[in-house]
Trainee: 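A single structure is presented below for examination.
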Amino acid sequence: MPLNLNRVSMPEQEPEVRCHNFKEVNLGLSMESARAEAGRCLFCKRPTCIEGCPVSINIPHFIRAILDNDPHEAVRRIRVDNPLPAICGRVCPQESQCEAACVLNKKGAPVAIGALERYVGDYAIREGLKAECVVKEKKLKAAVVGSGPSGLTCAGELRKLGYAVTVFEALHELGGVLTYGIPEFRLPQEAVVKFEIEALRTMGVEFKTNRLIGKTHLISDLMEIEGFAAVYIATGAGYPQFMRIPGEDLNYVYSANEFLTRMNLMQAYQGDAAATPIFVGKRVAVIGGGNTAMDAARCALRMPGVEKVSLIYRRSEKEMPARVEEAKHAQEEGIEFQFLTAPTEYLGTPEGAVRTARCIRMALGEPDASGRRRPVVIPGSEFEIEVDAVVVAIGTQANPIIAQTTPGLETNKWGYIVADQNGLTSLQNIYAGGDIVSGAATVILAMGAGRKAAQAIDRALSVPAPH
Amino acid sequence: MFDIISKQLIAPAVWRQTIKAPEIAGKRQAGNFVIIRPKVGSERIPLTIVSSDNQRGTIDIIFQVVGATTMDLAEVESVQDILGPLGHPTHIANFGRTAVVGGGVGIAPLLPIAQALKQAGSRLTTILGARSKAFLILEEDMAPISDQLLIATDDGSKGQKGLVTEILKPLLEEKKIDFVLAIGPVVMMKAVSELTRPYGVKTMVSLNPLMIDGTGMCGVCRCKIEGQTKFACVDGPEFDGHQVDFENLTRRLAMYKSEENQRREARK
Ligand SMILES: Cc1cc2nc3c(=O)[nH]c(=O)nc-3n(C[C@H](O)[C@H](O)[C@H](O)COP(=O)(O)OP(=O)(O)OC[C@H]3O[C@@H](n4cnc5c(N)ncnc54)[C@H](O)[C@@H]3O)c2cc1C
Ligand SMILES: Cc1cc2nc3c(=O)[nH]c(=O)nc-3n(C[C@H](O)[C@H](O)[C@H](O)COP(=O)(O)OP(=O)(O)OC[C@H]3O[C@@H](n4cnc5c(N)ncnc54)[C@H](O)[C@@H]3O)c2cc1C
Ligand code: FES
């Protein structure tokens, strides 16, 4: 049989339409095109795609069920490895993971695994399929701190293993970055994120919002007073970083977290209908080249009155850490990319609103520790751009609250929690994973860490205590 | 949901509420605050915990109705979300001859700290400022813990006519004060800090920038302290008044003035 290199393309809203709305950009595959795409899978004896997946989802197994016209079974199969398929299908960087490892990638047309995963996740949502979960109760309690992808995955896994699981979340909504960070047009809140979290609730996971661990309860309270046998810390890396250049404290210079939190968590994208305001003006500059920068730029572009959004990134297009699809979508929508450029200073109006971003051009020098070529300043290349708002999306750091309030919890020099390959920290029965251990990474890596830690917790607690 | 057990109008547009929140009551120390979201869809706003009752599992807040969110809070019977206790608790010690200076609704956050300072052995000179007699709050709570209680009102309807700084200045002049804690409008905290600086008297202030999450996640609460950026919700809210860039704070507080006014008018 000749190889079918006719990879399905994801239907999407037209750029000139979608740049004025917050509805989802990607529309999802129809049943016919999903089946046709599933038919391109070679069902390799040694599936390299599974090796390419950080959580080793049995990809051919669920693709087979799509091909067999049994999406119900596909849902069941994917949920064995991944409780959040509709989310991962939308936000994972498949092009550098499973799809990169697909043998058809050598021919330039890997199976659209991400689109198929999303198809299966969306089928579960459309049909309202509840997670099946026959639990043999263990009569032991486990606590999870933080309800981002890492905490959610760990909670689901521990629940399946029979633990009574409580998730403590500081914000008033669950989901971590999935809720406060990633915008509606990429990951719909109500339809997708809430559905997949609800599926965990029906499995018996208990959720407690409005609890900042380290303040409302200490980690030691959870163990000693509340009687949790183990704790998994998955608090993310949500502490915004600034560049420490003059003028960063001017009004309407936002951290990406503030900008996206106003937009998404507090729903400022709904305009006057939302209580929490956001000011964007006409000209917006976004600093950075990751997913966060793309999301902020594309949110800004969609706000009424915005005329121009510039994305300012200090390296070249090749080094941008954003998902390829996000950068492509951003470009199509009309975001202006200023590569090899960095701001050096912001100047303001007499009232203190940001007015001008003073920038400088860069050239690529020798590779740095990350292997990417280090940007170096081109002297004398300064120029200015007029702005009404600036979003600083240059990365995040570790939030200090848990480390400050948990004596004996080892952290590294950047404040991230030190944990071994199973997530065990320096304290007994206290585990950690996701961005708070790795530094800002990806949804799927955070999920993988959650799953590993759940299994390690189960092993540790299954050993009978010595007398 | 968190039930409001009782509410009381203690001055024009100033409410005291007792809210059932046992987990927060159990952990709260002087100087802590909470983030409150009165209803689904409301903003999240910071308010100081004025007192707590661990037995009953309640906390008290005192707030002035100034905009849409505080209007909502004054109306609801139970609040949707409360997060806390937040911020570093106040460093409490015997600071010797201490002036606690409160202005307007800033007297509310001042009260629990003054109580704790008194308990630690500090000698309290309490200076309260208000627009007029009607707007002066918590005088009866401050009186029993104060070694000396002095009042200034803008119109002279109670105590001395004028500003709190006019009362504080002669005390500094006579070298009667070792430590100052001031909480109130930004202009007042700034004036007090500027007044004490030449005397070299350590002065702490409690900053009230805009906040959203209160957990160190968004950075909207960033303040300039000795030229360094600090997040008031996790690094504060109390800072050394001689190190605070008050102009920066004033400017950042005005960021959403026009949106706030619009929303307040729309609520009316
Ligand atoms: C805007 C943006 C876009 C992104 N896009 C992508 C993408 O397309 N694809 C991708 O793979 N990755 C993306 N990422 C990265 C990805 O979202 C993160 O790597 C992932 O969310 C990390 O998961 P986590 O569970 O470790 O932490 P988080 O998702 O950060 O969740 C941590 C949770 O813990 C809570 N918390 C913190 N401290 C406490 C405490 N003391 N007590 C209680 N709760 C606490 C927080 O409120 C939060 O809800 C993006 C990140 C951002 C910011
Ligand atoms: C740590 C902390 C503790 C606080 N404790 C108290 C307290 O115990 N009692 C109390 O009444 N208030 C307190 N505040 C101030 C309170 O949070 C604001 O008054 C409230 O957010 C106003 O919300 P609103 O939607 O009703 O008004 P908005 O519509 O947001 O604002 C109305 C007016 O109030 C001003 N304003 C808005 N936010 C603040 C602010 N953070 N500080 C000062 N003025 C502001 C605006 O500039 C505007 O003029 C505290 C603030 C902080 C940061
Ligand atoms: S309020 Fe968001 S970081 Fe302080």
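Values below: every heavy atom of this structure, side chains too, minus hydrogens, waters and symmetry copies. Each chain gets a letter, A, B and so on, in the order the sequences are listed, and its residues count up from 1. Small disclaimer: the values here were computed from a predicted structure and weren't measured.
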Trainee: Heavy-atom distance under 4.5 Å to chain B: side chain of A:Arg244, backbone, both or neither?
Mentor: neither

Trainee: I need the residue from A:Met266, A:Arg262, A:Gln404 with the largest number of non-hydrogen atom pairs under 4.5 Å to chain B.
Mentor: A:Arg262

Trainee: Indicate yes or no for a side-chain donor-acceptor contact from B:Tyr256 to the backbone of A:Phe279 under 3.5 Å, with no hydrogens or angles considered.
Mentor: yes

Trainee: Taking A:Ala170, A:Ser255, A:Pro277, A:Gly238 one by one, which has the highest count of heavy-atom pairs under 4.5 Å against chain B?
Mentor: A:Pro277

Trainee: Just wondering, do B:Met217 and A:Asn399 contact through their side chains at under 4.5 Å, heavy atoms?
Mentor: no

Trainee: Looking at B:Gly87, B:Cys218, B:Pro85, which makes the most heavy-atom pairs under 4.5 Å with chain A?
Mentor: B:Cys218

Trainee: Which atoms of B:Arg28 come close to chain A, meaning under 4.5 Å heavy atom to heavy atom: side chain ones, backbone ones, both, or neither?
Mentor: neither

Trainee: Is B:Glu23 in contact with chain A via its backbone, its side chain, both, or neither, using a 4.5 Å heavy-atom distance?
Mentor: both

Trainee: For B:Glu75, does the CD atom sit with more than 12 other heavy atoms under 6.0 Å from it, leaving out its own atoms?
Mentor: yes

Trainee: Pick whichever of A:Leu212, A:Asn210, A:Leu260 has the most heavy-atom pairs under 4.5 Å with chain B.
Mentor: A:Asn210

Trainee: Could you go step by step and tell me if B:Lys27 and A:Leu218 meet the side chain to side chain contact (heavy atoms under 4.5 Å, CB included) rule?
Mentor: CA-CA 10 Å; B:Lys27 270 282 181 297; A:Leu218 301 176; 4.0 Å; yes

Trainee: Using non-hydrogen atoms only, which part of A:Ile278 is less than 4.5 Å away from chain B: side chain, backbone, both, or neither?
Mentor: both

Trainee: Between A:Thr276, A:Thr209, A:Val253, which has the largest tally of heavy atom pairs under 4.5 Å with chain B?
Mentor: A:Thr276

Trainee: Can you pull out the residues in residues 206-214 of chain B with any heavy atom less than 4.5 Å from chain A?
Mentor: B:Ile212, B:Asp213

Trainee: Kindly indicate whether the side chain of A:His172, heavy atoms from C-beta on, has any atom under 4.5 Å from the side chain of B:Ile35.
Mentor: no

Trainee: Tell me, for A:Leu171 versus chain B, whether the close heavy atoms (under 4.5 Å) come from the side chain, the backbone, both or neither.
Mentor: both

Trainee: Do other residues, nucleotides or ligands put more than 12 heavy atoms under 6.0 Å from the CD atom of B:Gln119?
Mentor: no

Trainee: If you count heavy-atom pairs under 4.5 Å with chain A, which of B:Lys224, B:Arg44, B:Gln80 comes out on top?
Mentor: B:Arg44

Trainee: Is the number of heavy atoms from other residues, nucleotides or ligands under 6.0 Å of A:Arg355 CZ greater than 12?
Mentor: no

Trainee: So what's closer than 4.5 Å to chain A heavy atoms on B:Arg37: side chain, backbone, both or neither?
Mentor: side chain

Trainee: Which region of B:Ser42, side chain (C-beta onward) or backbone (N, CA, C, O), has a non-hydrogen atom less than 4.5 Å from a non-hydrogen atom of chain A, or is it both or neither?
Mentor: backbone

Trainee: Where does A:Phe259 contact chain B at under 4.5 Å (heavy atoms): side chain, backbone, both or neither?
Mentor: neither

Trainee: Heavy-atom distance under 4.5 Å to chain A: side chain of B:Val234, backbone, both or neither?
Mentor: side chain

Trainee: Would you mind checking which part of B:Asp81 comes under 4.5 Å of any heavy atom in chain A, side chain (CB onward), backbone (N, CA, C, O), both or neither?
Mentor: both

Trainee: Over all heavy atoms of both residues, which pair between B:Arg252 and A:Leu250 is shortest? Give the atoms and the distance, please.
Mentor: NH1-O, 3.7 Å

Trainee: Find the one option among B:Glu260, B:Glu259, B:Arg222 whose heavy-atom pairs under 4.5 Å with chain A are most numerous.
Mentor: B:Arg222

Trainee: Give me the atom names and distance for the closest heavy-atom approach of A:Pro240 to B:Gly219.
Mentor: CG-N, 4.0 Å

Trainee: Just give me the residue among A:Gly236, A:Gly214, A:Ala274 that pairs up with chain B most often, heavy atom to heavy atom, under 4.5 Å.
Mentor: A:Ala274

Trainee: Could you please state which residues from residues 143-151 of chain A sit under 4.5 angstrom from chain B, measuring non-hydrogen atom to non-hydrogen atom, sorted by number, or 'none'?
Mentor: none

Trainee: Just so I understand: if I count every heavy-atom pair under 4.5 Å between each of B:Ile82, B:Thr229, B:Leu86, B:Ile24 and chain A, which residue has the most?
Mentor: B:Ile82

Trainee: Any chance CD of B:Glu247 has more than 12 other-residue heavy atoms, nucleotides or ligands included, within less than 6.0 Å?
Mentor: no

